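Everything below concerns the one structure shown next.
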Amino acid sequence: MSADRVVLVTGGNRGIGRAIAERFVAEGYKVAVTARSGEGPEGALTVRADVTDAASVDAAFTEVEQTLGPVGVVVANAGITKDTLLLRMTEDDFDSVVATNLGGAFRVVKRAAKGMLRARWGRVILISSVVGLYGSPGQINYASSKSGLVGFARSLTRELGGRGITANVVAPGFIETDMTAALPDETQADYKKNIPAGRFATPDEVAGVVTWLASDAA
Ligand code: NDP
């Protein structure tokens with residue numbers, strides 16, 4: 001079944017998105033990734049897209065549809081942080097993070113929904129974060145965008161759930177990627193103290209959850 005299915009992962013050139021794309025390739029799906037820079041993993045089609053720009057998202061989908069076929073599984077993974085405390089947070093710090101993490105998911109899922117409705121089958125997977133559920137100092141912009149994805153997915157299932165389309169949010173804890181490598185060493189050590197396993201997780205551990213959510217078993 002997976003061989004007929006087309007997956008699109010946003011931000012698939014590095015980090016968690018890349019690991020997700022690799023896992024889908026290994027499971028035999030037809031895989032495309034969006035990237036602003038660089039390339040996705042071997043076996044995946046790379047298309048250019050900036051998720052803050054609806055025309056760019058539309059062009060990326062059109063290219064994937066023409067090359068691989070209609071997109072059945074979409075993973076909204078592209079995301080950014082601009083951490084700073086509330087009193088220092090500018091309008092742009094807030095707006096740009098929400099426009100990428102939450103607005104980006106909106107643009108991508110809206111574009112994907114047309115084909116899914118036609119097929120009466122679809123899998124929408126949104127990459128949120130533990131920070132969206134617990135909150136975190138210095139991340140009011142990021143936490144708002146990530147908890148917003150929960151309301152997004154719940155509403156989406158109420159609109160489209162009757163047409164064979166599921167929507168799920170994956171909220172990973174801290175994962176070893178460029179995003180966490182950018183945190184000061186003391187911050188990383190502090191986070192690890194509160195993680196029962198005493199370590200960050202790997203991108204591949206997130207990918208296993210995502211591929212399951214894309215399957216018929218989900
Ligand atoms: P990285 O910083 O390693 O990668 C981010 C990805 O998002 C890159 O591919 C980047 O593209 C892409 N991206 C950013 N902005 C845009 C944009 N405007 N348009 C298109 N693509 C964009 O992050 P991670 O792999 O760590 O994170 C992936 C997702 O997982 C994010 O949504 C993040 O919030 C979430 N997450 C991460 C956790 C962690 O601990 N790392 C924990 C929980 C959630 P480019 O290379 O071109 O910049």
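Order of appearance sets the numbers: ligands from 1, and atoms from 1 within every ligand. Start at 1 with the first residue, then count along the sequence. Remember, predicted model here, so these are calculated numbers, not experimental data.
Of the protein's non-hydrogen atoms, the one nearest atom 22 (C) of ligand 1 is A78 CB, 3.5 Å. What sits closest to atom 33 (C) of ligand 1 on the protein, heavy atoms only, is Y142 OH, 3.5 Å. Counting only heavy atoms of the protein, atom 18 (N) of ligand 1 lies nearest to D50 OD1, 2.9 Å. Distance from atom 48 (O) of ligand 1 to its nearest protein heavy atom, with residue and atom name: R36 NH2, 2.6 Å. Of all protein heavy atoms, the one lying nearest to atom 26 (O) of ligand 1 is T177 OG1, 2.5 Å. Nearest non-hydrogen protein atom to atom 43 (C) of ligand 1 is P172 O, 3.5 Å. Protein heavy atom closest to atom 10 (C) of ligand 1, with residue, atom name and distance, is R14 NH2, 3.9 Å.
No side-chain N or O of D190 forms a donor-acceptor pair with one of T187 less than 3.5 Å apart. Side-chain contact of T52 with D50: a donor-acceptor pair under 3.5 Å is present, judged by distance alone. Judged purely by distance below 3.5 Å, without hydrogens or angles, the side chains of T62 and R111 pair a donor atom with an acceptor atom.
Heavy-atom proximity to atom 7 (O) of ligand 1, evaluated over P203, G79, S129, is greatest for G79. Distances from atom 40 (O) of ligand 1 to the heavy atoms of I127, I16, L183, I175 show the closest one on I175. Between G132, A49, G11, A99, it is A49 that holds the heavy atom closest to atom 20 (C) of ligand 1.
Within the 4.0 Å heavy-atom criterion, both parts of V51, backbone and side chain, lie near ligand 1. At a 4.0 Å heavy-atom cut-off, ligand 1 does not touch E176 at all.
Residue contacts with ligand 1 do not include A35, since none of its heavy atoms lies under 4.0 Å from the ligand. Taking a 4.0 Å cut-off on heavy atoms, S128 registers as neighbouring ligand 1. Under a 4.0 angstrom heavy-atom cut-off, N13 registers as being in contact with ligand 1. Using a 4.0 Å cutoff on heavy atoms, T100 counts as a contact of ligand 1. Heavy-atom separations between R18 and ligand 1 are all 4.0 Å or longer. Residue contacts with ligand 1: G173 is included, with a non-hydrogen atom under 4.0 Å away.
Between W121 and D216, the closest side-chain pair of non-hydrogen atoms falls below 4.5 Å. In this structure, V75 and I127 have side chains that are in contact, with non-hydrogen atoms separated by less than 4.5 Å.
The N/O atoms of T52, backbone and side chain alike, include none that comes under 3.5 Å of an N/O atom in ligand 1.
Checked by atom type and distance alone, the side chain of R123 never pairs as donor or acceptor with a backbone atom of A167 at under 3.5 Å. S128 places a side-chain N or O within donor-acceptor distance of the main-chain N or O of K146, the cut-off being under 3.5 Å. The backbone N or O of T180 sits less than 3.5 Å from a side-chain atom of Q188, completing a donor-acceptor pair. Panel note: side chain R107, backbone V51; a donor-acceptor pair is recorded below 3.5 Å.
Near I80, with a cut-off below 4.0 Å to any heavy atom, the atoms of ligand 1 are 14 (C), 15 (N). Close approach of ligand 1 to N77 is summarised as follows: ligand atoms under 4.0 Å from at least one heavy atom of the residue are 28 (C), 29 (C), 30 (O), 31 (C), 32 (O). Of all atoms in ligand 1, numbered sequentially from 1 with element shown, those under 4.0 Å from a heavy atom of K146 are 31 (C), 32 (O), 33 (C), 34 (O). Atoms of ligand 1 lying under 4.0 Å from any heavy atom of G15, numbered from 1 in the order shown and given with element: 3 (O), 25 (O). Atoms of ligand 1 lying under 4.0 Å from at least one heavy atom of F174, given by number and element, are 40 (O).
Ring orientation note: the planes of F174 and Y191 are close to parallel, at an angle under 30° on the 30°/60° scale.
Cation-pi check for K82 over Y142 is not met; the charged atom does not lie both under 6.0 angstrom from the ring centroid and within 45 degrees of its normal.
To the nearest 0.5 angstrom, L85 atom CG is 8.0 Å from I140 atom CD1. Taking OG of S144 as the reference point, atom CG of N101 lies at 10.5 Å (rounded to 0.5 Å).
V150 and V131 fall within a single hydrophobic cluster, where Ile, Leu, Val, Met, Phe, Trp and Tyr side chains are chained together by heavy-atom contacts under 4.5 Å.
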